[in-house]
Amino acid sequence: MRAKEWIKERFPIDYKKFIEINESIFIKEPIPVHMKKWLFAMGTTPFILLPIQIITGILLAFYFMPSPEMAHESVRHITEEVRMGFWIRGLHSWGANLMIIAIFLHMMRVFFTNAYRKPREINWIVGFVLLMLVLTISFTGYSLTYNQLSYWAMTVGTNLVKEIPLIGGFALELLRGGESIGTNTLTRFYTFHVWLLPLIIVLMMAIHIIVLRVHGVSEPEGYEKGYYAFYPTHFFKIILATLFLLSLLSLLAIIYPPGIGVPADPLNTPLHIKPEWYFYSVFLFLKFIPIKLGILITGIAVMGMVFWPFIEPFLSKDEKKRTIISYIIGALTILILIILTLIQTFTL
Amino acid sequence: MSNIKIQQWLIGIFSVLLIVTLMIVATVEVKKTQGHKAEIDIDKVSNQCIICHEKENIAVKQIDAWEESEHAVMGIGCNECHEAEKDDFDAQRCPESDFLIARHPTPKDCAECHEEQVNEFANSKHAHQFWLLKNADRAILENPIATRHGCEECHNIANMWPDGSVGECDVCHAKHSFDMAVARQPETCGECHVGPDHPHIEIYLESKHGNIFKALGNEWDMRYNTTKNEPIPIEAPVCVTCHMDGNEKQPMTHDVSARLATESQAPWSFRTVWDEEGLGSWEVKRERMESICNSCHAPSFVDMYLLTADLVNLQYNEIRRFFVYWTKKLTANGMIDRLKADGKYYSDPVLIGYDETPEVLMYHSWHHEGRRFRHGAEMMGADYTQWHGIWEIQHNMIEMLTWAAEHGDEEAQIWVDSNDPIKFAPYALYDIPGTAWGISAKANTTPYVYKYDDYWDRIKANVETAYNTGFLSEDQWNLWMKRYDNKEHYLGLKYEADVDSTWNFYKDRNDVDTEAFIKQAVNLELPGKSFYEGK
């Protein structure tokens, strides 16, 4: 008890109030019964993966050196020489991939259960911004490995920025820190990847969760009504999900450890240049139509998705019809993305 | 169906679809980044070889090397190259198994997959048997045991195998990795193309090409593919870049003779006639080489550089003519003897002898100094054309004439007694106004021979003769004439007055230097006498 007293003296706050708040916000937070279904737990996965990415990322940053001369060599060093380096890097790399998959799944669940509808439109948009941020942080992270694949993916990726109307040229210069990819690009990407983007992601995720808690979890129609307390059932569900994700990540990191590839060679353009897989659908789409038009269409499609909660009410006044149209558009979008991605995967 | 069911089905189906798709994609992508270590899949026999060799610890490093090879990636194991038939000359039973294996995979075995390369090689001078056709000379001076680890080790590149195939691919493509980077490394060529008789690696490393290679070569990927008519990816050439590798216009070849227009190893320089039906005339071969040169250089530079090198070869022939004249004369006069065996002459006054000074001097002036003189000029090794080349040749000449005079030859005695500086050029000369590099406003005022009023007319007549006999092409003759017609410009003579102030600046500096060494060294008298003095 002495320790408790000691702390109380140093931090003279109202502990009863603290416990009350804690109980009302966390321990006894009423969770709708439908959340017992695993289907509704997918939003937790990116939340679990984020700290894993941060911890593994910090460990990798101990060894990584963001310069054209040393980037690939330090990745090789981490992978081949540092104790458990390949595992940490595997967790980080697979964690990034899983994060994107998890966000897609979570978004899909939200979409098909119409959880984005009034009054939760803003949280859909926040979520979408989070997806964009995660894609950007993955892109910058992939680029840091500085092998032939990632170097040329970085070239293709940043070249796309140039096509953005009005600000394209400036944005490209800002990203690359020069005319071509080099030292400045790497240090910029490194800065984005290791603190700027993580900071924004953590803030946005906090907003995402606060908005969620303020509204309470959306309760889809047709499920049994009722609530249960956050602790212990839901809390341990999250722990269980964490353990599962850690095991899955570890397994993937060991079975399919990410390789180091051939060092980047700016003078030697490979025959086939590709971005990372999560950009395949867009990349393939842009291959078939004029670049400016392609970027315009992609931009419109993305904006359509972002503002879907506001667009949807215009589709039909009848809610049932509106739901069906939404389902069809959602299903078609996912199918198109999957097909484009698969085609690009197996094309040279 | 209720809305919940629809939702559950939609989410269920697309979750599975998304997860499966994205996992497939991510896995394929991760595998791609692991490009270095491909899975090795070989047949059972080869697998057995590896298991036993590793267990018995026999040549295991060769297995390691093979594992890094493209062969391993392609599933080509031991058996594909080491498979033998019962009557094969190199068939042997593996002592630990009943496998019949070929002890020496020959070019015939390599040709099963690399037929084009083996054929190209067999058509090249690398495969030529000249070292056997001509080796009677050195074989008498050298001991047989020395040849085992001496001449044979290099000339095995043209090994004639009992199966009729010629060559030894692993001389350059070190087994068992057969790594392109090893074959491309200049030092690989330098294993043989080294030393006093043809210091090609030394010449290369002395050249600007070699210097760039030494400075930057460690950053180059020497495993590049050169068969696709793509630009040369390295900044400066290594040996194979010019002699074998392709560029946008030239195909890659294993025939090192395809681009050689001049035979400058032989006792006399001449335009190559090697495999004319397959490779075309010397001019076609020269075009091939120039096509590679032009990847980096302006054609006008290349033309001038190579014409000058050709004139060095022609000059060599005149020097050679001088040595042949004297060894023949001294032989005819009985001052030197020929070797005899079984009642027949064994040695040749113009080729071999070795036991008498003029013979050795003649031989070295061809086989060592004469080649260095020529090859240095062809590959930008100035020091080899100069100090290791012409300087030593001229000393051989002085030594030979002095020897002849001492042994009673009157003509030689007149030469020895002569005080005319022109005596050092007792043969016809070749020249060209200026160099490929630029205009030098003073350099051409110094050579002694330029005092002869008809110097350039004589030179022109010689060059014209070389053109008329086919050693020089029409383009080369025109280039020479262009220089001749504008020689005041190319020799820099018309600019001589323009550089007076620059010249005087250095002249003054030189006077200061001269004064300094006279004061510090020449006029120095030490008080302590030599201990030898008075003995």
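Sequence lines set the chain letters: A, B, ... in the order given, protein chains first and strands last, and positions in each chain run from 1. All values below come from the heavy atoms of this structure, side chains included, with hydrogens, waters and symmetry mates left out.
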Between OG1 on residue T333(A) and CZ on residue F14(B), distance to nearest 0.5 Å: 9.5 Å
Determine whether more than 12 heavy atoms belonging to other residues, nucleotides or ligands lie under 6.0 Å from atom NZ of K321(A). no
Would F40(A) and I11(B) count as a side-chain contact (heavy atoms from CB on, under 4.5 Å) if you check the C-alpha gap in whole Å, the side-chain angles of each, and the deciding distance to 0.1 Å? CA-CA 10 Å; F40(A) 292 92; I11(B) 298 170; 5.9 Å; no
Give, for atom CD1 of I6(B) and atom CD1 of I324(A), the distance between the pair rounded to the nearest 0.5 Å. 6.5 Å
Atom CE of M74(B) with >12 non-hydrogen neighbours under 6.0 angstrom: no
Cut-off 4.5 Å, heavy atoms of chain B, and the answer for K320(A) is neither
Is the shortest side-chain heavy-atom distance between V25(B) and L342(A) below 4.5 Å? yes
Would you say that more than 12 heavy atoms from the other residues, nucleotides or ligands in this model lie under 6.0 Å from the CD of E115(B), or not? no
Quick check: are there more than 12 heavy atoms from other residues, nucleotides or ligands sitting under 6.0 Å from CH2 of W87(A)? no
Is E224(A) atom CD crowded by more than 12 heavy atoms from other residues, nucleotides or ligands, each under 6.0 Å away? no
Answer whether the closest heavy-atom distance between the side chains of M42(A) and S15(B) falls below 4.5 Å. yes
Would you call W277(A) and T21(B) a side-chain contact if the rule is heavy atoms closer than 4.5 Å? no
Atom CZ in F112(A), atom CD1 in I13(B): separation rounded to 0.5 Å? 9.5 Å
Among the listed options W94(A), F104(A), F111(A), the residue most often paired with chain B at heavy-atom distances under 4.5 Å: W94(A)
Look at atom CD of E70(B) and say whether more than 12 heavy atoms of other residues, nucleotides or ligands are closer to it than 6.0 Å. no
Which bit of I338(A) is near chain B, if near means a heavy-atom gap under 4.5 Å: side chain, backbone, both or neither? both
Take atom CZ of F244(A) as the centre, draw a 6.0 Å sphere, and report whether it contains more than 12 heavy atoms from other residues, nucleotides or ligands. no
Would one find more than 12 heavy atoms of other residues, nucleotides or ligands at under 6.0 Å from atom NZ of K237(A)? yes
For the CG atom of L18(B) and the CG atom of L105(A), what is their distance to the nearest 0.5 Å? 5.5 Å
Let me know if L17(B) has heavy atoms under 4.5 Å from chain A in its side chain, its backbone, both or neither. both
Turns out that what part of L337(A) lies under 4.5 Å from chain B's heavy atoms comes down to neither
